[in-house]
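Every chain is numbered from 1, with letters handed out A, B, ... down the list of sequences.
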Amino acid sequence: MTGRGGERRGGWRARLPGSAAPARLEGRAAVLRVYGYMFHRYRRTWRGTITSSFLYPLMYLLAMGIGLGHLVNHHLAGASSPVGFSRLGGVGYVTFIAPGLLAATAMQMATNESTYPVMEGVKWARTYLAMLAAPIEARDVQRGQLLWIATRVAISGAVFLAIMAAFGDVLSPYAVLALVASTLTGMAFAAPVAAFAVTRENSTSFPIMYRLGIVPLFLFSGTFFPITNLPGWLQVIARVTPLYHGVELCRALVLGQMNAASLAVDTGYLACLVLFGVYFGGRTFAKRLAQ
Amino acid sequence: MVEARGLTKRFGDFTAVDAVDFRIERGEAFGFLGPNGAGKTSTMRMVSCLSPVTAGELSVLGMDPRHEGPRIRGRLGLVPQEDTLDLELSVRDNLYLYGRYFDVAKAVLRPRVESLLEFAHLTDRGGDKVDDLSGGMKRRLTIARALVSEPELVILDEPTTGLDPQARHLLWDRLYRLKQDGVTLIITTHYMDEAEQLCDRLVVMDHGRIVAAGSPPSLISEWSSKEVVELRFASGRQEEMAGALGGFAERVEVLPDRVLLYVDDGDEVLLKVREAGIRPESALARRSSLEDVFLRLTGRSLVD
Ligand SMILES: Nc1ncnc2c1ncn2[C@@H]1O[C@H](COP(=O)(O)OP(=O)(O)O)[C@@H](O)[C@H]1O
Ligand SMILES: [Mg+2]
């Protein structure tokens, strides 16, 4: 057997610099260490995400604004329409849907980021398992992951808002708060969805969730038209969906048409979903990761 | 460093680890030898505070895993059975980011990563994606990664399973060095040669139970004869031939492909067998190994 030779004495430990520094428990909070990893990893791989964070919002606004918006505005301005722009809060069609799209894309991105990356962490790449060998607990992994998703949603929300402003679709300084609102909307999905995703053995349920949940919400939660256009029973359903509240919140802030009561209801509803997801996910992450 | 009494792990109705007792001292290399499914990984996961203890007592570094899991893990190095390297990132980034999980300061970490790359013989692969490494290189990287927080205790779950002989020897060499440097090692394996080479003391595990404990030589002298004669007969005839061989040995074991005679002097018995006119297809005399201990204790081979 090799390796017992005297020249090896002293070993790696003797040659390591800074040997006095032990692993501390009192350092950065474990959540931040998880977050730091995701941030660092993103710096290596961010180029692949440009399309979803930058180009999609731009394409939406261009297609809806210059294409569809023109048609709708033309129609609303015409004599055949008795209600006209008042149905849209007195603004043009693009200005009406832009804040809705802000909330809806936050939802889409957050859902995406809390399904496949969670499966990646727990099973495909097992990055979560590597974290758990360190002084990091399952709920730190969950919260670090959610914090990172919030960052991603906030960055793409900021880009979206900047593009809206450039198109002249931001009518109020309160629009800055719409960034908080859209991120909150995203997290109202990300937290419960991540809590669910971590319990899965594979990704087959994710596209189903997308088709049966996310797409209908995207279409019927007041993003593209006021829900008062819907039949009564659908209106009731629309009003209890989280995206409806996210859209209302973002729209009120961007257009400067706020009402304290609905602001409170919308924010409270979304915050409850986030809290529920964080609490429930703390349990599902622990159950899945510590067997 | 680690002490277990009546340590038990159940998954539903199934008992994976059944009331085991062991005590691991500072500075030793302690082995868990057993076939697949013996409960080695389940035991390692409890010791490394990744999996809750179902019943019994466990103390790691003088602390209770139930309450001080993160504190204990901060002083442990873990080489899990299945690698958890980030294949998308470079070799160097894997070490660096893992060190950040333990909150090792950046200034300390950078030079430490370089000396660990050297330790793992990966210096010239530092910038490569982990995905491009061979199995042996990945395993060495996982071991180097486990050392990034300078642990007092390193747990290695099947460190060389699936590697070719050359890669295994290089890995053993790295583990010797750790041992020389005074790091306490816990090694699980189903290779008896690995256990004999690396472990000062070991326990033999089967079906969740510890069936024997001691140093490799003491286990061999306790449970086996000094030497073993292996005789291979035409297939299907082992059982029949074993009957004729009973008089030559203290004990005879029949395996599907050969007959084992447990004796004091192998060459002498080999000679006697030939003189008696028995003609095996092949024959050899060797020293007893842990494989024989396992066979004696469980009636089965370690690796099938
Ligand atoms: N999470 C789990 N759920 C159910 N059974 C498990 C789980 N993990 C391990 N087992 C079972 O426990 C037994 C011991 O497994 P393990 O500790 O991995 O053994 P070893 O590492 O010695 O091969 C096996 O029969 C295995 O199927
Ligand atoms: Mg195992």
Side-chain angles (χ1 to χ4, degrees), chain A residues 1-6 8-30 32-45 48 120-122 124-138 140-141 144 286-287 289-291, chain B residues 11 45 48-52 69-78 80 82-90 93-94 96-105 107-112 115-116 118-119 144-147 149-151 169-170 172-178 180-183 197:
Chain A
M1 206 19 55
T2 54
R4 292 196 192 264
R8 301 198 191 268
R9 290 241 166 247
W12 62 276
R13 189 180 284 268
R15 282 188 278 110
L16 288 183
S19 288
R24 288 169 299 154
L25 203 60
E26 314 68 29
R28 292 177 300 160
L32 293 183
R33 285 181 264 139
V34 174
Y35 181 82
Y37 171 80
M38 288 168 182
F39 177 76
H40 192 106
R41 196 172 195 276
Y42 187 67
R43 290 208 320 217
R44 295 274 186 278
T45 55
E120 181 101 3
V122 86
W124 294 336
R126 296 199 295 269
T127 41
Y128 289 174
L129 304 189
M131 294 171 188
L132 291 172
I136 292 173
E137 305 230 66
D140 303 320
V141 172
K287 185 150 190 284
L289 297 175
Q291 283 184 347
Chain B
F11 297 105
R45 286 177 53 79
S48 44
C49 314
L50 291 176
S51 160
R71 192 174 288 277
I72 294 171
R73 288 202 302 268
R75 290 167 57 187
L76 286 187
L78 180 65
E82 290 180 59
D83 287 332
T84 57
L85 298 165
D86 194 326
L87 302 182
E88 302 281 315
L89 295 178
S90 72
D93 272 357
N94 263 275
Y96 180 81
L97 291 175
Y98 197 76
R100 296 295 290 154
Y101 288 159
F102 288 83
D103 218 15
V104 180
V108 175
L109 196 51
R110 284 210 187 84
R112 190 179 288 175
S115 51
L116 284 171
E118 196 183 310
F119 171 81
R145 193 182 68 162
L147 301 175
S149 59
E150 300 209 310
H169 283 280
L170 185 50
W172 284 354
D173 174 59
R174 301 294 85 187
L175 296 180
Y176 277 132
R177 241 182 84 184
L178 282 182
Q180 286 172 349
D181 293 340
V183 180
Q197 290 279 351

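At least one side-chain heavy atom of B:E150 sits under 4.5 Å from a side-chain heavy atom of B:R112. Put simply, the side chain of B:D83 does not reach to within 4.5 Å of the side chain of B:R145, judged on heavy atoms.
Across every non-hydrogen atom of B:N94 and B:L89, the tightest pair is ND2-O, 3.6 Å. In this structure, A:L289 and B:R45 approach most closely via the heavy-atom pair O-NH2, 3.9 Å.
Residues B:R73 and B:S149 bring no donor and acceptor atom of their side chains to less than 3.5 Å of each other.
Contacts between A:L32 and chain B at a heavy-atom distance below 4.5 Å are absent for every atom of the residue. Only the backbone of B:L85 comes within contact range of chain A, with at least one heavy atom under 4.5 Å from a heavy atom of that chain. For a residue to count as touching a neighbouring chain, one of its non-hydrogen atoms must lie under 4.5 Å from one of that chain's; by this rule B:L87 does not touch chain A. Of the two parts of A:A290, the backbone and the side chain both hold a non-hydrogen atom closer than 4.5 Å to a non-hydrogen atom of chain B. When heavy atoms are compared at a cutoff of 4.5 Å, B:D93 approaches chain A solely by way of its side chain, counted from C-beta outward.
Looking only at heavy-atom pairs under 4.5 Å with chain B, the residue among A:G36, A:A133, A:A138 that has the most is A:A133. Among A:D140, A:V34, A:I136, the residue making the largest number of heavy-atom pairs under 4.5 Å with chain B is A:I136. The candidate from B:S48, B:S51, B:A146 with the greatest count of non-hydrogen atom pairs under 4.5 Å with chain A is B:S51.
The cationic atom of B:R174 (NZ for Lys, CZ for Arg) lies less than 6.0 Å from the six-membered ring centre of B:F119 and within 45° of the ring axis.
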